[in-house]
2 protein chains.
Amino acid sequence: MKNDCAQSIPPEWAHFSQLFAALGDPERQRILLSFEPGETLNATQLTQASLLSRPTVSHHLRLLCEAGVLERTRRGREIHFRLMAGTLIERLQTVISYLDAHR
Amino acid sequence: MKNDCAQSIPPEWAHFSQLFAALGDPERQRILLSFEPGETLNATQLTQASLLSRPTVSHHLRLLCEAGVLERTRRGREIHFRLMAGTLIERLQTVISYLDAHR
DNA sequence: TTTTCATGTCGAAAAATATCGACTATTTGA
DNA sequence: TCAAATAGTCGATATTTTTCGACATGAAAA
């Protein structure tokens with residue numbers, strides 16, 4: 001057993017709990033699955049596609065941005081969200097490499 | 001925008017929110033990182049390596065098993081937990097394939 | 001500049017989750 | 001059979017997260 005991570009998480013793994021927590025909510029997953037390849041969606045579109053209120057959708061979008069899942073860009077008075085597929089793939093590959101060494 | 005997942009998550013994705021929610025807790029991440037390659041650990045070992053109580057660790061172990069992250073096997077009066085690295089890799093590869101088609 | 005549109009923030013309430021002490025179940029060894 | 005060891009359950013409490021209405025911000029259009 002690795003006792004070095006018995007009580008604290010190594011710094012290189014710390015951001016993964018934030019990532020997985022962001023991905024682990026059904027409403028946020030629903031938001032992510034509504035993106036078509038390469039598409040950008042604004043907050044109004046994402047709110048209209050949801051059963052929840054704007055403040056609530058805004059809250060989920062903030063968590064997804066803070067976790068590095070979505071990118072936020074202002075265009076005029078709209079704010080566009082984009083799925084950061086590339087960096088997500090890299091991060092998940094890191095996890096897979098770790099797991100592959102721990103079969 | 002994909003309107004078919006506007007209000008409900010497609011069944012083939014439903015188990016992922018449970019998986020990511022399980023991986024998204026720092027205590028559970030700490031538990032997972034304490035496994036050496038191929039190692040099995042019992043509940044007492046995992047509790048001793050934690051700052052939390054046995055009921056709490058037991059709770060986290062149950063969530064990890066229900067999400068398909070750990071495997072539970074009784075051996076005598078001990079219960080051994082094993083990291084299901086193989087199936088986890090497959091599930092993460094599914095997510096990566098989806099993301100790769102959505103760059 | 002005033003209005004309108006798009007979005008976010010704030011504070012409070014509701015819901016879900018984590019945590020623990022006391023008790024229970026199950027298996028093994030004396 | 002009885003005692004010890006291992007692990008889980010139950011009920012209550014604490015903490016965190018989610019949710020929303022009302023209000024604030026900031027950019028474009030009139």
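A note on names: the letters A, B, ... follow the listed sequences, proteins ahead of strands, and every chain is numbered from 1. Computed from heavy atoms alone, side chains included, the values below leave out hydrogens, waters and symmetry copies.
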- Item | Reported CZ-to-CG distance for the pair F16(A) and L23(A), which is rounded to 0.5 angstrom | 11.0 Å
- Query: Tell me: NE2 of H80(A) to P of dC5(C), nearest whole Å?
  - Reply: 17 Å
- Task: Any chance you could lay out the side chain to side chain donor-acceptor pair (under 3.5 Å) test for H80(A) and R74(A), step after step, and finish with the verdict?
- Result: CA-CA 6 Å; H80(A) 288 252; R74(A) 176 143 227 152; over 6 Å; no
- Task: Could you grab the distance from atom CH2 of W13(A) to atom OG1 of T94(A), nearest 0.5 Å is fine?
- Result: 7.0 Å
- Query: So S53(A) and T56(A), side chain to side chain donor-acceptor pair (under 3.5 Å) or not? Walk me through it.
  - Reply: CA-CA 5 Å; S53(A) 69; T56(A) 301; 3.1 Å; yes
- For the pair made of CZ in R72(A) and P in dT7(C), what is the distance, rounded to whole Å? 10 Å
- Query: To the nearest angstrom, how far is N42(B) atom CG from dT26(C) atom C1'?
  - Reply: 15 Å
- Task: Find the distance R62(A):CZ to dC20(D):C1' and express it as a whole number of Å.
- Result: 15 Å
- Query: Between OG1 of T47(B) and CG of L61(B), what distance do you get to the nearest 0.5 Å?
  - Reply: 7.0 Å
- Message: Under the criterion side chain to side chain donor-acceptor pair (under 3.5 Å), I'd like the reasoning laid out for R28(A) against H60(A): C-alpha separation, chi angles, the key distance, then a yes or no.
- Response: CA-CA 6 Å; R28(A) 291 193 284 271; H60(A) 289 303; 3.0 Å; yes
- Task: For the pair Q45(A) (side chain) and N42(A) (backbone), establish whether a donor and an acceptor sit closer than 3.5 Å, ignoring hydrogens and angles.
- Result: yes
- Message: Tell me the interatomic distance from E78(B), atom CD, to dT27(C), atom C1', rounded to whole angstroms.
- Response: 11 Å
Protein-nucleotides 15-24 of chain C N/O pairs under 3.5 Å:
{"residue": "dA18(C)", "atom": "OP1", "partner": "R28(B)", "partner atom": "NH1", "Å": "3.1"}
{"residue": "dA18(C)", "atom": "OP1", "partner": "R28(B)", "partner atom": "NH2", "Å": "3.1"}
{"residue": "dA18(C)", "atom": "OP2", "partner": "H59(B)", "partner atom": "NE2", "Å": "3.0"}
{"residue": "dT19(C)", "atom": "OP2", "partner": "H60(B)", "partner atom": "NE2", "Å": "2.4"}
{"residue": "dC20(C)", "atom": "OP2", "partner": "S53(B)", "partner atom": "N", "Å": "2.8"}
{"residue": "dC20(C)", "atom": "OP2", "partner": "S53(B)", "partner atom": "OG", "Å": "2.9"}
{"residue": "dC20(C)", "atom": "OP2", "partner": "T56(B)", "partner atom": "OG1", "Å": "2.9"}

- Message: Tell me the interatomic distance from F20(A), atom CZ, to dT17(D), atom C1', rounded to whole angstroms.
- Response: 20 Å
- Note on the structure: To the nearest angstrom, the CD-C1' distance between Q48(A) and dA6(C) comes to 11 Å
- With respect to the side chain of T44(B), which nucleotide from dG8(D), dA7(D), dT7(C) is positioned closest? dA7(D)
- Item | Separation between SG of C65(A) and CZ of R82(A), rounded to the nearest 0.5 Å | 11.0 Å
- Message: One thing to verify: whether E78(A) and R75(A) come together as a salt bridge, which I'm taking to mean a side-chain N less than 4.0 angstrom from a carboxylate O.
- Response: no
- Task: Let me have a per-nucleotide readout for nucleotides 25-30 of chain D, 5' to 3', with B, S or -, counting only protein heavy atoms under 4.0 Å.
- Result: --BBS-
- Task: Mind calculating the distance between CG (L61(A)) and C1' (dA6(C)) to the nearest angstrom?
- Result: 13 Å
